[in-house]
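Written below as structure tokens is the structure these notes are about.
For the numbers below, each heavy atom of this structure counts, side chains included, while hydrogens, waters and symmetry mates do not.
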Amino acid sequence: MNLNDLNPSQLEAVEYNDGPSLVIAGAGSGKTRVLTYKIAYLLESGYKPWNILALTFTNKAAREMRSRIAAQVGEDVAADLWMGTFHSIFSRILRREAERIGFASDFTIYDTQDSISLIKSIIKEMQLDDKTYKPKSIANRISNAKNCLILPDAYRSDRGTYETDLRAWIPRTGEIYQRYWNRCKMSNVMDFDDLLLYTWLLFRQNPDLVQAYEDRFKFVLVDEYQDTNYAQHQIIWLLTQRNMRVAVVGDDAQSIYSFRGANIDNILRFSELYKGARLFKLEENYRSTQTIVKAANSLIHHNNGQIHKDVYSRKDMGERISLLETYSDIDEATAVIRCVREFNRNEHIPYSQMAILYRTNAQSRPFEEVIRKNSIPYIIFGGLSFYQRKEIKDVIAYFRLAVNPHDEEALRRVINYPARGIGHTTLDKVFDAANRLNVSPWKVLMNPDSLDVNGSTRVKIERFTSLIGSFATQVGDTDAHTLALDIVKRSGIQNEINNSTDIEDISRKENLQELLDGMAAFVDEHQQSGQGVLLHDYLQEVSLLSDIDQGGNTSEDCLTLMTVHSAKGLEFRVVFVVGMEETLFPNQLCMDTVRGLEEERRLFYVAITRAQEYLLLSNARSRFRFGKTELCKPSRFLNEIDPRFLQRTNGKGRVLTSDSASTGVDTRRFRRIFQTKPDVPADRSVDILPMPQTVTNKSVIQEVVVGSRILHERFGMGTVTAVSGSGMDKKATVIFDNVGQKQLLLRFAKFKVV
């Protein structure tokens, strides 16, 4: 092992083993290197591999560390280390000591779906309404309780918890928790949360065992300590409180998982719990340019709850961070993808070294569509392609049935979603009859005499066929968006998704709204250009996009799209952080408290520090949301970055200014056109800029001639290159600055002549 590979700060952190230590590792500062060298140093200092416990959050991190250590000390030695994720290490301990807590050593482990399925059965047995007591919601509450080390008895006896459940109309959650706990134990089963909870119980109830494991683990190391929850924190304390040989590594500035139970106080108050703990700071960033590092510092210094550090870089100063403001979400997607192509063509940067980061999964849709049109290979990291997400596929299956009721796969997918009492037995009979009579399942449903079902089931089938039939009668004369709203509402999907506050269901709700917004934009754009706006027109376009999508993800050189949460721990030469607007980033759900807002700022810090060389931040002045255009304010976070490190760009590779933290749009001209007040800081109220309305005035239509410059609500600035027709049927061909050529039917178009 060559310690000369370490810088002075890293070396100091590696060599100190005389007591507890906290290593604050700034972004790109060599955290993994310090951990691996520290373990190798402990081994060379006389520690046996089985006396070292190293806990990580991912199997990938554990494998990488073990591989690096093996390169230093040999495979045989590395194999004997107790190294792995919290859950893998604790399950290993629990199997050894299972009898002490009433389990057999061969207990099985439930995954999330197993847990939800059992909870669903319990809710049914208790004759509770699963629309109120949603199994996934109850499972999340039980999970949160376990991660806070709250047992069923304590949950049921706590008045505050009961009142919280009562306000949510689920007062019997504690009873469900108790039954779930009993059933798991009776079945010799643990879920993932139990692996933490039972480890804590095991140690708390058996002091002799705690001492035995303290004697075994003479040194404990923990990676990503800022992401630990209460249960993990307490177990670590039980294992280290006597000998105090513990080293935790993390970065409070990258604590972004509170929604999973992570508690930033664990790292902020580490030195209060472990008296005399040494603090080491890794402040040299080896990843990013000086500009990116300094910009990130200027942002995160606005947080009060943090351990101060001065991260720096010895790399080149690098390019200033580009700020791009666009007129709309589609304009943003088009401009960003143009930049992607320019980096690829002019700078010869592979697509695989570029990433587009966004706050919520729903934001991927407009980017995916522009990417496909430009035939750029891409992958969705840590999530599905927008049109492959379950909630989207479910809704589109309804659309397909409305257009073609004989679509067998669409029928199979939604006949009992949302649940309407047409179960597997009935469905099997339907498909058996269809095969026997050589007809489509829909024909069998329309003539249920061939089915052996009772009167109640027959009524349910008739209600379903009537519902689909009513949709089918509208497909020939109702625009796609209007019909989609009707389908989503009357099918029950809207209530199914909206009546929940779970994180997962909030994401599903956002995705559903994004689909509807995309359809509204589809109708609006196609109406303006005189193209078809019916549901089958929309499905044809979506189907073509899906075909391209399936063929586009095979290349290894792929542009990456992901949420900022998914990007943690990764790095790219070029990073685009999009949707930098108030209520989007920072997210509206996190803006009510200082703690929530500071976590959003840390999340933005994580986004910035993924970039090695180039960083572009974009926002849109308007977005299609909830079926209409909404005006957006730039994110307050943009004003918190030192303007010395920013430059405005027009998204075409041209810098507009280099001395302002403002925007890429000529705002003076923008205000003059719409007669608005100037921008004010983000923490003050601001008048929303009015957008162009549908043009119906004949005199305005007559103003449009070849050469006219117009400002369109969604496409931004453009130049008219051709005009055809007359009066209210007048059309114009327009080449827009960002989105290219469009044809507009002027009586429907939303624009102003400038």
Side-chain angles (χ1 to χ4, degrees), residues 108 110-139 176 179-180 183-184 187 189 191 384 388-402 404-472 487-488 490-497 499-500 504-505 508 512:
T108 54
Y110 271 176
D111 64 18
T112 302
Q113 288 307 313
D114 293 326
S115 298
I116 292 173
S117 180
L118 176 56
I119 289 169
K120 185 176 182 179
S121 298
I122 292 171
I123 290 169
K124 185 177 181 180
E125 291 166 10
M126 293 173 63
Q127 298 183 334
L128 299 173
D129 182 4
D130 62 5
K131 299 294 188 297
T132 302
Y133 288 85
K134 291 191 172 185
K136 185 183 289 187
S137 300
I138 301 300
I176 298 171
R179 291 196 184 197
Y180 175 75
R183 291 273 281 275
C184 286
S187 302
V189 163
D191 61 26
L384 295 170
Q388 295 302 312
R389 293 167 187 155
K390 180 186 181 302
E391 59 272 21
I392 303 304
K393 290 176 73 71
D394 290 336
V395 174
I396 288 180
Y398 270 103
F399 296 167
R400 286 163 50 188
L401 270 188
N404 175 22
H406 300 285
D407 187 326
E408 181 174 323
E409 288 304 310
L411 176 67
R412 190 190 297 272
R413 187 175 187 93
V414 301
I415 191 171
N416 200 41
Y417 177 77
R420 52 175 57 89
I422 304 176
H424 292 297
T425 302
T426 302
L427 197 56
D428 288 342
K429 292 178 180 180
V430 170
F431 283 96
D432 287 344
N435 291 332
R436 187 176 66 254
L437 300 172
N438 199 28
V439 296
S440 70
W442 178 257
K443 285 192 174 182
V444 174
L445 291 172
M446 293 295 290
N447 299 281
D449 292 337
S450 58
L451 296 174
D452 180 21
V453 295
N454 59 33
S456 174
T457 301
R458 182 186 292 257
V459 169
K460 294 169 184 174
I461 289 174
E462 289 173 351
R463 287 176 179 168
F464 175 73
T465 55
S466 176
L467 177 70
I468 300 301
S470 68
F471 297 152
I487 290 173
V488 168
R490 291 172 56 205
S491 67
I493 288 178
Q494 181 172 296
N495 286 337
E496 177 78 10
I497 292 179
N499 293 340
S500 174
E504 293 85 356
D505 285 327
R508 293 171 64 209
L512 176 59

Closest heavy-atom contact between [X] and [Y]?
| X | Y | result |
| --- | --- | --- |
| Phe471 | Ser491 | CZ-N, 4.4 Å |
| Ile422 | Thr426 | CG2-CG2, 3.9 Å |
| Gly469 | Trp442 | N-CH2, 4.4 Å |
| Asn416 | Gly421 | OD1-N, 3.1 Å |
| Ala397 | Ala410 | O-CB, 3.5 Å |

Heavy-atom donor-acceptor pair, [X] side chain to [Y] backbone, under 3.5 Å:
| X | Y | answer |
| --- | --- | --- |
| Asp191 | Tyr110 | no |
| Ser137 | Tyr133 | no |
| Lys134 | Glu496 | yes |

Does some side-chain heavy atom of [Y] sit less than 4.5 Å from a side-chain heavy atom of [X]?
| X | Y | result |
| --- | --- | --- |
| Asp130 | Lys124 | no |
| Arg490 | Ser470 | yes |
| Arg508 | Leu512 | no |
| Ile493 | Val395 | yes |

Nearest-0.5 Å distance that lies between atom [atom1] in [X] and atom [atom2] in [Y]:
| X | Y | atom1 | atom2 | answer |
| --- | --- | --- | --- | --- |
| Asn447 | Leu437 | CG | CG | 9.5 Å |
| Ile396 | Leu401 | CD1 | CG | 12.5 Å |
| Glu391 | Asp394 | CD | CG | 7.5 Å |

Could you list the donor-acceptor pairs under 3.5 angstrom formed by side chains in residues 459-468, with sequence neighbours left out?
{"unit_1": "Thr465", "atom_1": "OG1", "unit_2": "Ile461", "atom_2": "O", "d": "3.2"}
{"unit_1": "Thr465", "atom_1": "OG1", "unit_2": "Glu462", "atom_2": "O", "d": "3.0"}

Are a donor atom and an acceptor atom from the side chains of Ser115 and Tyr180 found within less than 3.5 Å of each other?
yes
Any donor-acceptor pair under 3.5 Å linking the side-chain atoms of Ser121 with those of Arg183?
no
Kindly indicate, with the supporting measurements, whether the criterion side chain to side chain contact (heavy atoms under 4.5 Å, CB included) is fulfilled by Leu128 and Thr132.
CA-CA 8 Å; Leu128 299 173; Thr132 302; over 6 Å; no
Taking atom NZ of Lys429 as the centre, does the number of heavy atoms from other residues, nucleotides or ligands within less than 6.0 Å exceed 12?
yes
Is there a side-chain hydrogen bond (donor to acceptor under 3.5 Å, both in side chains) between Thr425 and Asp428 once you walk through the steps?
CA-CA 5 Å; Thr425 302; Asp428 288 342; 5.7 Å; no
Picking from Ile122, Leu118, Ile119, what satisfies side chain to side chain contact (heavy atoms under 4.5 Å, CB included) with Arg179?
Ile122
Could you pull out all residues at least two apart from Arg420 that satisfy salt bridge (charged side-chain N to carboxylate O under 4.0 Å, His left out)?
none
Derivation and outcome, side chain to side chain contact (heavy atoms under 4.5 Å, CB included), residues Leu411 and Leu445:
CA-CA 11 Å; Leu411 176 67; Leu445 291 172; 3.8 Å; yes
